[in-house]
Amino acid sequence: MNKEVNKGAAEKESHNFLEEIIENDLASGKVKSVLTRFPPEPNGYLHIGHAKSICINFGLAAKYHGKTNLRFDDTNPVKEDTEYVDSIKEDIHWLGFDWSNEGYASDYFDQLYEWAEKLIMKGYAYVDDQTQEEIHKGRGTVSVPGKNSPYRDRSPEENLDLFRRMKAGEFADGEKVLRAKIDMASPNMLFRDPLMYRILHTSHHRTGNKWCIYPMYDFAHGESDSIENITHSICTKEFDVHRPLYDWFIDKLDIFPSHQYEFARLNLTYIMMSKRKLLDMVNQKIVSGWDDPRMPTICGIRRRGYTPESIRTFVEKVGVAKRENMIDLSLLEWCLREDLNKRSNRYMVVQDPLKIVIDNYEESSEDDIMDAPKNQENESAGRRSIKFSKEIYIERKDFQEIPENRKFRRLKPGGEVRLKYSYIIKCEDVIKDENGKIIELHCSYDPTTKPGSNPWRKCKGTIHWVSAKYAKTIEVRHYDRLFLKEDMGNLPEGTDYKEFLNPDSLKINEAYAEPNLLEDNSGISVQFERDGYYIKDKDSTPDHFVFNKATGMKSSF
RNA sequence: UGACCUAUGGUGUAAUGGUAGCACGGAAGAUUCUGGUUCUUUAAAUCAAGGUUCGAUUCCUUGUAGGUCAACCA
């Protein structure tokens, strides 16, 4: 009992800073329950970086028995589309989360508009007639204070009239904007009279042509949080300079005090996670689409064979903090293997075949049938039968005429090796063509070594194989890395990302598979024994099976 | 150069004033009908300098390094 207590003390739970904040808020009574939100803009597909945000927002709320809203930040109609709304919902569900309320910033346009008028009347907002360029120049720089707009001191009545006429469509795009009246000399650039509304005569994917003025992020986000009574608005660190403004609007409007907290976004070696660049890839047809298995999108890695469990584990392992990070891709791959090890069925596939003729094996219409588990670590996965025959294929690299070192334990001239789930064979002869290339091996087999026979004879090497007679041909697609050829993370601004793409990111080859593989309906990645994890691609047809490589084994040889 | 954020093994992340822990990656070994899995062992870290303190990864000051912000994007 004492030991139990000690054990419990030793395994003290480690908290990230967000958990600490929430626990304090709950303990102090600042909030009664937790309500978070995931606020994507429907202008692209979700990627692995968003997965972190999703797991944090939904996971944190769930941990403290709270709820999470899904809210689409759809305040810019020129970029947004319903196609993205649907894909985002699908991806969140696939990751294993569900929201308690589905909302849209556009649902709140009326309320937002009303609040804008309120700020105008209180003297906190004004209509500016300056051009985009004038506004930009007037803002100053990080070291030079900005200058007040000549329109800054219009009366609330005049501003209200102008703003109503903006709404009524009396002005063209860019002719006028509504700005918050704060401080053009503020050291925080966001406080130099930020824009609240701009004129956009563009149809919106949900509100259609009802509006021709649309709120900016800063005026929509905190207010939307407040409307929904979000208690913890958790976002990435780029927004930390926005927080004072987030608070300013809430304060001036005197509405529900949502609070924003920031964490560092996910960076992964070899992976590019800029939505804009990913969109370029799709538009320029450098990839087949958002779900191309090389893409770091949720749908891309799903098609690649990643499981939602592995991604959730990954986010958990990565942790939450505010410092910049660059996670090694090997951690993601470890999370995948960890999950797949337990649940993937195993099949033998030979990708670079070397033919073997078993000289002393009698060819007959009734070949030997070998019994094998689908997954040695999980008997409930069931079993499979594998037919043996006189001619088989093995992996070319599983034979070495002159072993490279003493540790080599696969096939060599005169040596023995066990065929997985089958007989021990001995290499008797090596046949080469006129160039010296090995074209086939002649072997003998030991009939007493059939699995199940007694006694069991051990053999230090075991290799996989397929029967030449029964094997099926499949297409195998290898993606060495998800995307970049170098450890670039997010590429610097202005670089041509195409130069950095891994030219070998996609290799296709034919392979021989045991027939059972084609009948596997587990729907999750399958292990090609000794090689890695693969999943059947949607491009497969009844007579042409395509497999994508999810990830390799821990080490290959 | 202004404001804000950050700094712990190779990479992440704990320790909030009291033994620097965990994971991935690395190395070594055991088990194994997958050179996988599993198990064991192991090397490796507090940005720097001051200060407060009996005691500092933790608090303060200064510096250094990195990140974010000057879109009618979010």
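So that the names make sense, note that chain A is the first sequence line, chain B the second, and so on, each numbered from 1.
The 5' end of RNA chain B is approached more closely, in terms of each residue's nearest nucleotide, by E324(A) than by the other of E324(A) and I135(A). Nearer to the 5' terminus of RNA chain B, by closest-nucleotide assignment, is the contact made by K317(A) (compared with the other of Y533(A) and K317(A)).
Using a 4.0 Å cut-off between charged side-chain N and carboxylate O, E228(A) and R71(A) make a salt bridge. Salt-bridge annotation for D371(A) and R383(A): present, with a side-chain N of the basic residue lying under 4.0 Å from a carboxylate O of the acidic one.
Not one side-chain nitrogen or oxygen of R139(A) sits closer than 4.0 Å to the OP1 or OP2 atom of C69(B). At the phosphate of U38(B), neither OP1 nor OP2 sits under 4.0 Å from any side-chain N or O atom of R337(A). Within the structure, a side-chain polar atom (N or O) of K458(A) is placed less than 4.0 Å from OP1 or OP2 of U32(B). Contact annotation: R323(A) side-chain N/O to U8(B) OP1/OP2 distance is under 4.0 Å. Residue T462(A) has no polar side-chain atom (N or O) positioned under 4.0 Å from OP1 or OP2 of G35(B).
Listed candidates were C33(B), U37(B), G12(B). Nearest to the side chain of K554(A) is U37(B). Closest contact between the side chain of D328(A) and the listed nucleotides A70(B), G35(B), U11(B) involves U11(B). Taking only side-chain atoms of N341(A), from C-beta outward, the nucleotide of A74(B), C5(B), G36(B) with the closest atom is G36(B). Checked against C24(B), U38(B), U68(B), the side chain of E338(A) finds its nearest nucleotide in U38(B). When distances run from any side-chain atom of M189(A) to the nucleotides G2(B), U34(B), G35(B), the shortest one goes to G2(B). The side chain of P187(A) lies closest to A3(B) when the candidates are U13(B), U6(B), A3(B). With distances taken from any side-chain atom of V142(A) to the nucleotides C33(B), A74(B), A70(B), the minimum falls on A70(B). The R530(A) side chain lies nearest to U34(B) when the options are A23(B), C33(B), U34(B). Closest to the side chain of W334(A), from the set C24(B), C72(B), U34(B), is C24(B). Closest contact between the side chain of N16(A) and the listed nucleotides A14(B), U11(B), G67(B) involves A14(B).
Atom-to-atom, CZ of R409(A) to P of U34(B) comes out at 9 Å; the value is rounded to the nearest Å. Residue K549(A) contributes atom NZ, which lies 15 Å from atom P of G36(B) at whole-angstrom precision. Rounded to an integer number of Å, the gap from K237(A) NZ to A7(B) C1' is 10 Å. Rounded to whole angstrom, the span from the CG atom of N267(A) across to the P atom of U13(B) amounts to 11 Å. Taking atom CD on E20(A) and atom P on U16(B), their separation rounds to 8 Å, with Å as the unit. Residue M326(A) contributes atom CE, which lies 18 Å from atom P of A7(B) at whole-angstrom precision. Summarising the geometry, the separation between CD on E238(A) and P on G66(B) is reported as 19 Å, rounded to the nearest angstrom. Atom CD in E262(A) sits about 10 Å away from atom C1' in C4(B), given to the nearest Å.
Look at A30(B): its Watson-Crick or wobble partner, with both distances under 3.5 angstrom, is U38(B).
Note on V78(A): nothing from the nucleic acid sits closer than 4.0 angstrom, heavy atoms only. At the heavy-atom level, T131(A) lies under 4.0 Å from base atoms of the strands shown. When heavy atoms are screened at a 4.0 angstrom cut-off, H464(A) is found touching no nucleic acid atom at all. Within the nucleic acid shown, E41(A) comes within 4.0 Å of sugar-phosphate atoms alone, with no base atom in reach, counting heavy atoms only. Counting any heavy atom pair closer than 4.0 Å across all strands shown, L195(A) reaches a base atom. Note on S330(A): only backbone sugar-phosphate atoms sit closer than 4.0 angstrom, heavy atoms only; bases stay farther off. Note on P451(A): a base of the nucleic acid sits closer than 4.0 angstrom, heavy atoms only. In this structure, S186(A) reaches neither bases nor backbone, as no heavy-atom distance under 4.0 Å exists between it and the strands shown. Contact annotation for F408(A): base contact, defined as any heavy-atom pair under 4.0 Å involving a base atom. Among the protein residues, E175(A) comes within range of no part of the nucleic acid, since none of its heavy atoms lies under 4.0 Å from any strand.
Between Y306(A) and E333(A) there is a side-chain heavy-atom pair separated by less than 4.5 Å. F17(A) has its side chain within reach of V320(A): a pair of non-hydrogen atoms, C-beta onward, lies under 4.5 Å apart.
Judged by distance alone with a 3.5 Å cut-off, a donor-acceptor contact links the side chain of E377(A) to the base of G36(B). Between the base of A15(B) and the side chain of H15(A) there is no donor-acceptor pair shorter than 3.5 Å. Residue side chain R410(A) reaches the base of G35(B) through a donor-acceptor N/O pair under 3.5 Å, judged by distance alone.
Distance noted for atom C1' between U58(B) and U8(B): 11 Å (whole Å). G9(B) and G21(B) have their P atoms separated by 14 Å, with the value rounded to a whole Å. Rounded to whole Å, the separation between the P atoms of A45(B) and A65(B) comes to 24 Å. On the C1' atoms, G35(B) is 15 Å away from A30(B), given to the nearest whole Å. Comparing A14(B) with C47(B), their P atoms sit 15 Å apart, to the nearest whole Å. Here the separation of A20(B) from C24(B), taken at their P atoms, is 23 Å to the nearest Å. As rounded to the nearest Å, U38(B) and C33(B) have C1' atoms that lie 16 Å from one another. Taking atom C1' in both U11(B) and A7(B), one finds a spacing of 15 Å when rounded to whole Å.
The ring of Y197(A) has its center no closer than 6.0 angstrom to the ring center of Y214(A).
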Could you go step by step and tell me if F388(A) and Y423(A) meet the ring-ring contact (aromatic ring centres under 6.0 Å, His included) rule? CA-CA 9 Å; F388(A) 194 71; Y423(A) 299 107; 5.2 Å; yes
Residues F219(A), F249(A); criterion ring-ring contact (aromatic ring centres under 6.0 Å, His included); working and verdict: CA-CA 7 Å; F219(A) 186 62; F249(A) 280 123; 5.2 Å; yes
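At least one cation-pi condition fails for K549(A) and Y533(A): the charged atom is not both under 6.0 angstrom from the six-membered ring centre and inside a 45 degree cone around its axis. Both tests do not hold together for R206(A) against W211(A): distance to the six-membered ring centre under 6.0 Å, angle to the ring axis within 45°.
Centre separation under 5.5 Å together with a plane angle under 30° does not hold for the ring of F239(A) and the six-membered base ring of U68(B), so they are not marked as stacked.
Of the candidates F528(A), Y347(A), F547(A), Y534(A) forms a ring-ring contact (aromatic ring centres under 6.0 Å, His included) with just one, namely F528(A).
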